[in-house]
Amino acid sequence: MRMYDILQKKRYGEELTREEIEFFIKGYTEGSIPDYQAAAFCMAVCFAGMTDRETAALTDAMARSGDTVDLSRFGNLSVDKHSTGGVGDKTSLILCPIVSSLGCKVAKMSGRGLGHTGGTVDKLESIPGYRTSLSEEEFLDQVERTGLALIGQTGNLTPADKKLYALRDVTATIDSIPLITSSIMSKKLAAGSKNIVLDVKTGSGAFMKTPEDAEKLAENMVRIGKSCGRNVSALLTDMDRPLGFAVGNSLEVIEAVNVLKGLEKGDLYEVSVSLATEMVSLVKSITPESARREVENAIETGKAFAKMKEWIGAQGGDTSVLDDTDLFPKAAFAYEVRAPKGGRIRKMNAEDIGKAAAILGAGRISKEDPIDHAAGIVLAKKTGDSVKKSDVIATLFTNDEASVAQAEERFLSALEIGRGNVPEEKLILKIIR
Ligand code: URA
């Protein structure tokens with residue numbers, strides 16, 4: 001087999017066989033196929049697309065390109081969730097303990113934040129003592145004992161995706177549904193869970209800016225995941241404004257704790273509960289209505305918060321900060337942003353708010369940047385709220401006072417304040433099963 005022939009076949013829009021796709025992924029991972037041929041492959045896929053059969057073969061080959069996690073000992077109880085990324089998206093911190101308190105087994109690997117979106121691993125590292133790196137044995141033992149462990153992505157999981165993603169990033173080939181599907185779903189397959197719920201976000205702070213594109217991606221990922229033998233469903237959710245009120249690592253953990261303590265409802269509660277409902281419904285094969293009752297009950301009775309403490313404690317974290325969130329280390333500077341004029345907040349561009357939080361130290365511009373766990377933004381107002389001139393709209397937190405002016409400018413550029421009613425936007429646009 002020759003890579004040249006595979007490239008020519010794809011270029012003319014013909015369907016590749018499973019063997020040809022496996023040949024490409026194996027050769028590229030090992031280094032016998034060079035970057036320039038892999039780049040030509042990605043570009044040909046951008047133009048010619050891929051059939052479901054090809055996408056499933058690509059996903060499967062990428063999933064098997066490195067280590068895989070064997071969760072077969074948990075049978076149908078294992079469940080994972082993936083979000084395409086957002087601003088203020090701390091739903092994993094809320095739904096993992098909820099579903100685990102209801103008998104599901106969560107062996108989760110999460111990423112770090114980059115650009116305007118945050119990462120669950122960074123958020124958890126704001127809890128003093130929390131270990132985001134465990135050996136495979138420790139990881140699986142903890143899932144066995146407590147029903148839940150959450151770590152950073154380990155060494156050699158999907159090396160083909162690591163190489164291909166970096167290549168796509170510099171060859172303008174990120175933007176292809178089969179390539180995004182295989183990238184995301186290969187990581188989920190390798191991580192081993194039988195049940196997978198996807199949170200595909202749409203709007204100003206999302207990777208997919210329009211609902212139409214987000215829906216196409218969600219449908220593709222669900223179909224491919226199912227054809228690879230997993231139970232998969234997807235929620236299409238709004239990311240036109242930040243989710244909840246807090247953006248920034250320890251600030252988001254505090255907000256997640258408040259939701260689990262039953263102290264906060266609103267959009268964050270609704271998206272977290274809806275995702276947890278779908279996870280429980282898949283694992284237990286029960287109706288979404290019954291699953292939702294179980295999920296809400298786990299919050300109301302304190303069972304989910306107790307599970308959060310058990311999980312964080314098992315992973316070395318100091319649980320006293322969860323009982324009393326005032327014990328989290330505080331940023332040295334807190335600065336109130338005031339409304340430049342009165343009216344109704346018509347827009348709050350989530351991407352710009354994520355970027356303002358990153359300027360304060362909460363996020364990374366490049367992969368190696370350190371982050372300030374106490375930095376970020378707490379909103380006092382959200383889209384649709386009325387404000388008077390000089391009302392506080394948000395508080396900026398940072399340890400780097402020099403960043404405040406630029407962050408405030410960025411924050412204010414995210415806002416549109418005007419007159420008239422703001423139509424209520426749907427939080428959950430669609431569920432794809
Ligand atoms: N996230 C991924 O992990 N892969 C993509 O291709 C796009 C977003």
Side-chain angles (χ1 to χ4, degrees), residues 3-4 6-31 33-66 82-85 111 114-115 117 153 157-191 196 198-202 206-210 212-228 230 232 234 236 367 432:
M3 191 60 198
Y4 179 93
I6 295 174
L7 289 173
Q8 192 166 47
K9 200 170 161 186
K10 188 78 254 172
R11 184 186 150 191
Y12 288 121
E14 289 173 43
E15 188 179 44
L16 300 176
T17 64
R18 177 170 283 270
E19 290 70 31
E20 286 164 333
I21 289 170
E22 282 174 356
F23 173 83
F24 161 56
I25 289 300
K26 187 164 182 292
Y28 186 52
T29 310
E30 287 170 359
I33 291 173
D35 273 347
Y36 52 81
Q37 284 187 314
F41 177 89
C42 292
M43 191 57 87
V45 169
C46 283
F47 285 108
M50 273 190 149
T51 63
D52 278 2
R53 227 177 4 213
E54 288 176 299
T55 312
L58 181 63
T59 306
D60 184 51
M62 285 166 67
R64 289 185 292 100
S65 66
H82 177 82
S83 159
T84 55
L114 190 61
T117 63
Q153 252 142 30
L157 212 76
T158 56
D161 178 59
K162 283 198 189 86
K163 274 185 94 171
L164 267 181
Y165 194 62
L167 185 75
R168 285 166 57 212
D169 206 22
V170 293
T171 54
T173 53
I174 289 284
D175 207 5
S176 143
I177 286 193
L179 295 181
I180 301 170
T181 294
S182 55
S183 167
I184 293 176
M185 293 310 289
S186 62
K187 287 179 281 225
K188 294 286 118 182
L189 296 188
I196 300 164
L198 305 165
D199 179 6
V200 181
K201 306 222 171 264
T202 175
F207 181 61
M208 302 308 263
K209 302 286 182 209
T210 69
E212 293 75 27
D213 285 347
E215 186 170 347
K216 267 191 228 150
L217 175 64
E219 282 177 345
N220 200 249
M221 290 198 290
V222 169
R223 272 201 321 275
I224 298 305
K226 284 182 179 173
S227 74
C228 292
R230 309 296 166 97
V232 190
L236 221 67
K367 260 188 189 161
I432 295 155

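The shown structure was predicted, so the numbers you read here are calculated from the model rather than taken from an experiment. The analysis underlying the following values was restricted to heavy atoms, covering all of them including side chains, and did not include hydrogens, waters or symmetry mates. Residue numbers start at 1 and run along the sequence shown.
In this structure, Val222 and Ala234 approach most closely via the heavy-atom pair CG2-CB, 3.6 Å. Heavy-atom minimum distance, Thr117 versus Gly85: CG2-C, 4.0 Å. Contact between Ser186 and Thr158 at its shortest, heavy atoms only, is O-CG2, 3.6 Å. Shortest non-hydrogen contact noted between Ala48 and Gly13 is CB-CA, 4.1 Å. Between Ala160 and Ser65, the closest heavy-atom pair is N-OG, 3.2 Å. What you find for Ser176 and Cys46 is that their closest heavy atoms are CB-SG, 3.8 Å.
Applying the side-chain hydrogen bond (donor to acceptor under 3.5 Å, both in side chains) criterion to Thr171, with sequence neighbours excluded, gives Thr173. Listed by chain and number, the residues in a salt bridge (charged side-chain N to carboxylate O under 4.0 Å, His left out) with Arg230 amount to none (sequence neighbours excluded). In this structure, Lys216 has no side-chain hydrogen bond (donor to acceptor under 3.5 Å, both in side chains) partners at least two apart in sequence or on a different chain. Partners of Asp35 according to the salt bridge (charged side-chain N to carboxylate O under 4.0 Å, His left out) rule, which considers only residues two or more places apart in sequence or in another chain, do not exist here. Listed by chain and residue number, Thr181 satisfy the side-chain hydrogen bond (donor to acceptor under 3.5 Å, both in side chains) test with Asn220 (two or more places apart in sequence, or in another chain). Listed by chain and number, the residues in a side-chain contact (heavy atoms from CB on, under 4.5 Å) with Ala44 are Lys10 (sequence neighbours excluded).
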Begin from the C-alpha positions of Glu54 and Ile21 and carry the test side chain to side chain contact (heavy atoms under 4.5 Å, CB included) through to its verdict. CA-CA 8 Å; Glu54 288 176 299; Ile21 289 170; 3.9 Å; yes

After noting the C-alpha distance and the side-chain angles of Ser183 and Asp161, does the key distance pass the side chain to side chain donor-acceptor pair (under 3.5 Å) rule? CA-CA 6 Å; Ser183 167; Asp161 178 59; 2.7 Å; yes

Carefully, step by step, assess Ile25 and Leu164 under the rule side chain to side chain contact (heavy atoms under 4.5 Å, CB included). CA-CA 9 Å; Ile25 289 300; Leu164 267 181; 4.1 Å; yes

Should Met3 and Phe41 be marked as a side chain to side chain contact (heavy atoms under 4.5 Å, CB included) after you check the CA-CA gap, both sets of side-chain angles, and the distance that decides it? CA-CA 9 Å; Met3 191 60 198; Phe41 177 89; 4.0 Å; yes

Check the pair Arg18 / Asp60 against side chain to side chain contact (heavy atoms under 4.5 Å, CB included), numbers first and verdict last. CA-CA 10 Å; Arg18 177 170 283 270; Asp60 184 51; 3.0 Å; yes

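Annotation: cation-pi geometry not satisfied between Lys201 and Phe207 (NZ/CZ under 6.0 angstrom from ring centroid, within 45° of ring axis). Annotation: cation-pi pair Lys187/Tyr165 present, NZ/CZ under 6.0 Å from the ring centroid and within 45° of its normal.
Side-chain contact between Met50 and Glu15 is absent, with no heavy-atom pair separated by less than 4.5 Å. Between Met221 and Ile177 the shortest side-chain heavy-atom distance does not fall below 4.5 Å. Side-chain contact between Leu179 and Arg168 is present, with at least one heavy-atom pair separated by less than 4.5 Å. Between Gln8 and Tyr12 the shortest side-chain heavy-atom distance falls below 4.5 Å. His82 has its side chain out of reach of Val200: every pair of non-hydrogen atoms, C-beta onward, lies at least 4.5 Å apart. Residues Glu20 and Phe24 fail the side-chain proximity criterion, which asks for heavy atoms closer than 4.5 Å. Put simply, the side chain of Leu217 does not reach to within 4.5 Å of the side chain of Asp213, judged on heavy atoms.
Salt bridge absent: Glu219 and Arg223 never bring a charged side-chain N and a carboxylate O closer than 4.0 Å.
Here the straight-line distance linking atom CD of Glu215 with atom OG1 of Thr202 works out to 10.0 Å at 0.5 Å rounding. Summarising the geometry, atom NZ belonging to Lys226 is positioned 12.0 Å from atom CD1 belonging to Ile196; distances are rounded to the nearest 0.5 Å. With rounding to the nearest 0.5 Å, the separation of CE in Met62 from CD1 in Ile184 is 10.5 Å. Taken to the nearest 0.5 Å, the CZ atom of Arg53 stands 11.5 Å off from the CD1 atom of Ile224. Atom CG of Leu16 sits about 7.0 Å away from atom CD1 of Ile6, to the nearest 0.5 Å.
The number of heavy-atom neighbours closer than 6.0 Å to CG of Asp175, taken from other residues, nucleotides and ligands shown, is 12 or below. Atom NZ of Lys209 is surrounded by more than 12 heavy atoms from other residues, nucleotides or ligands within 6.0 Å.
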